Protein chains: 2
Amino acid sequence: MAEPAERKPRKDAARNRAAALAAADDLFARCESPESVTMADIAAAAGVGKATLFRAFGDRTGLIHALYKARLEPVGTAIEEGPPPLGPATPPLQRVPALLDAVLRFKLDNRHLALALEGAGGDSPYQADHYQRWHGMLQAILERIPGLTDSDFTAHALLAAVRADLVEHLAGQGGVPRERMREQLASFVAKVLDSRTSSGTSSG
Amino acid sequence: MAEPAERKPRKDAARNRAAALAAADDLFARCESPESVTMADIAAAAGVGKATLFRAFGDRTGLIHALYKARLEPVGTAIEEGPPPLGPATPPLQRVPALLDAVLRFKLDNRHLALALEGAGGDSPYQADHYQRWHGMLQAILERIPGLTDSDFTAHALLAAVRADLVEHLAGQGGVPRERMREQLASFVAKVLDSRTSSGTSSG
DNA sequence: CAAGAAGCGGACCCTCGGTCCGCATCGTAC
DNA sequence: GTACGATGCGGACCGAGGGTCCGCTTCTTG
């Protein structure tokens with residue numbers, strides 16, 4: 001009752017929305033810098049007016065979020081309710097690297113999109129729901145590792161290692177091949193998890 | 001001879017440049033989001049014309065870089081040729097956490113500026129010289145730690161943990177106090193360094 | 001002090017995100 | 001099928017901000 005909202009959209013509206021997403025997806029994939037893809041470009045490529053974009057998605061970041069969310073859904077559910085090594089049945093010490101590897105692969109597979117999202121506008125990526133989701137999941141898993149402290153910060157720090165622009169820098173300019181990068185990340189995560197987890201907080 | 005360039009600048013030019021830097025510094029420190037500080041604002045605050053800014057710094061990112069570089073200089077030299085625990089005389093296992101702590105403190109002390117820089121325009125922060133410098137130093141130190149592999153990636157990953165927007169997120173919205181954050185970072189770095197550094201790179 | 005170089009500044013341009021409003025299209029009731 | 005409101009469409013339009021141009025001022029130098 002509190003939410004009668006959400007009438008089902010009209011047919012043409014749905015079609016236009018889909019066309020916009022497809023066009024945007026395509027443009028972001030092709031173009032070098034996400035900045036170079038303008039809303040007018042997307043509208044033109046989708047064969048709709050600019051206003052249609054803004055009506056459907058609110059603003060530029062809304063569009064990018066919608067795109068990202070669609071791509072992200074499979075990964076999210078795979079982690080939340082899928083089979084091992086990603087799913088909840090996996091013991092934490094294996095699940096953490098699996099999760100980060102999944103995130104890395106996702107960013108490698110969606111480089112331009114991820115870049116567009118994290119570089120979007122100037123509002124911090126840490127506000128975005130998808131980040132909150134990943135961080136929440138990772139932190140929850142970390143918390144189940146005995147002796148590991150500061151799960152909140154640790155989750156942030158680990159996720160920072162797979163930030164889109166870093167991945168792009170390494171894969172793009174750095175020329176680091178995919179598998180090599182996965183190994184390096186795995187090795188790094190292992191270091192964090194393997195260490196004798198007596199908190200070494202040296203005071204001051 | 002190959003570089004006759006760099007005539008010494010005219011007096012008023014130097015004065016205006018300094019005024020611009022001071023004004024920009026001030027504005028960035030006051031305003032919430034770096035986005036909200038426009039070039040026109042800076043010009044007005046400095047009492048000069050917009051063209052003077054662009055002549056002196058090339059473009060917006062040039063101005064921010066110049067500001068940042070000035071602030072950064074002391075820290076850079078402290079690491080490169082200062083006394084322990086930052087300077088080169090320090091053994092690697094202590095110098096790495098010292099360096100990262102210095103970076104963290106710097107970002108905490110210059111939050112707005114760092115945010116402005118890393119969020120600047122949309123061009124990756126990994127291209128910037130100051131990042132290259134820090135990464136280079138950190139990697140060089142890491143390389144001197146026996147048994148530690150992938151010093152390049154490790155340096156990136158460690159520096160990612162102190163990225164401006166993460167620091168801002170934790171210190172700002174998260175309300176994490178300064179000392180707490182330093183402890184968490186130290187603990188994280190310790191985990192990376194302390195672990196039995198047999199490279200865990202599982203092949204394939 | 002004269003002359004030319006160097007710099008100045010604000011009016012101006014362009015791009016781009018975002019909005020407005022008259023018109024077309026859709027869903028529906030008859 | 002048709003008439004009629006509601007919903008959506010689209011391109012002209014707006015405002016803001018980065019960056020440039022050009023006639024004028026100020027510094028430098030002999």
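Everything numeric here is computed off the predicted structure, so don't read it as measured data. In what follows, chains are A, B, ... by sequence order, proteins preceding strands, each numbered from 1.
Straight-line distance from the CD1 atom of Ile64(B) to the P atom of dG18(D): 9 Å, rounded to whole Å. Rounded to whole angstrom, the span from the CZ atom of Phe54(A) across to the P atom of dA12(D) amounts to 16 Å. As a whole-Å value, the separation of Met39(B) CE from dC12(C) C1' is 17 Å. Atom CG of Leu53(B) is separated from atom P of dG7(C) by 15 Å (rounded to the nearest Å). Between the CZ atom of Arg60(B) and the P atom of dG19(D) there is a distance of 9 Å, given to the nearest Å. The distance between atom CZ of Phe57(A) and atom P of dG18(C), rounded to the nearest whole Å, is 14 Å. The nearest whole Å value for the distance from the CG atom in Asp41(A) to the P atom in dG18(C) is 15 Å. One can place NZ of Lys8(B) at 18 Å from P of dA5(C), the figure rounded to the nearest angstrom.
Among the nucleotides dC16(C), dG18(C), dG18(D), the one closest to the side chain of Asp59(A) is dG18(C).
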Restricting to nitrogen or oxygen on both sides, can you table the protein-nucleotides 1-4 of chain D pairs closer than 3.5 Å?
none

Using the 3.5 Å cut-off, write out each protein N or O paired with an N or O of nucleotides 8-11 of chain C and the distance between them.
residue, atom, partner, partner atom, Å
dC8(C), OP1, Asn16(B), ND2, 2.5
dC8(C), OP2, Arg55(B), NH1, 2.9
dG9(C), OP2, Gly49(B), N, 3.2
dG9(C), OP2, Thr52(B), OG1, 3.1
dG9(C), N7, Arg55(B), NH2, 3.4
dG9(C), O6, Arg55(B), NH2, 3.4

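Between Arg133(A) and Asp129(A) there is no salt bridge, since no side-chain nitrogen of the basic residue lies less than 4.0 Å from a carboxylate oxygen of the acidic one.
Sorted by first and then second residue, the pairs that involve residues 107-117 of chain A and meet salt bridge (charged side-chain N to carboxylate O under 4.0 Å, His left out), not counting sequence neighbours, are Lys107(A)-Glu118(A), Asp109(A)-Arg178(A), Arg111(A)-Glu168(A). Applying the side-chain hydrogen bond (donor to acceptor under 3.5 Å, both in side chains) definition to pairs two or more places apart or across chains, those involving residues 155-167 of chain A are Tyr126(A)-Arg163(A), Tyr131(A)-His156(A), His135(A)-His156(A), Arg163(A)-Asp165(B), Asp165(A)-Arg163(B).
Residues that satisfy the salt bridge (charged side-chain N to carboxylate O under 4.0 Å, His left out) test with Glu32(B), not counting sequence neighbours, are absent from this structure. Legend: residues meeting salt bridge (charged side-chain N to carboxylate O under 4.0 Å, His left out) with Glu143(B), ordered by chain and number and at least two apart, are absent. In terms of the salt bridge (charged side-chain N to carboxylate O under 4.0 Å, His left out) criterion, Asp152(A) has no residue partners (sequence neighbours excluded). For Arg15(A), there are no side-chain hydrogen bond (donor to acceptor under 3.5 Å, both in side chains) partners at least two apart in sequence or on another chain. Take Lys50(A) and apply the salt bridge (charged side-chain N to carboxylate O under 4.0 Å, His left out) test, not counting sequence neighbours, and it matches no residue.
Aromatic ring centres of Tyr68(A) and Phe28(A): separated by at least 6.0 Å.
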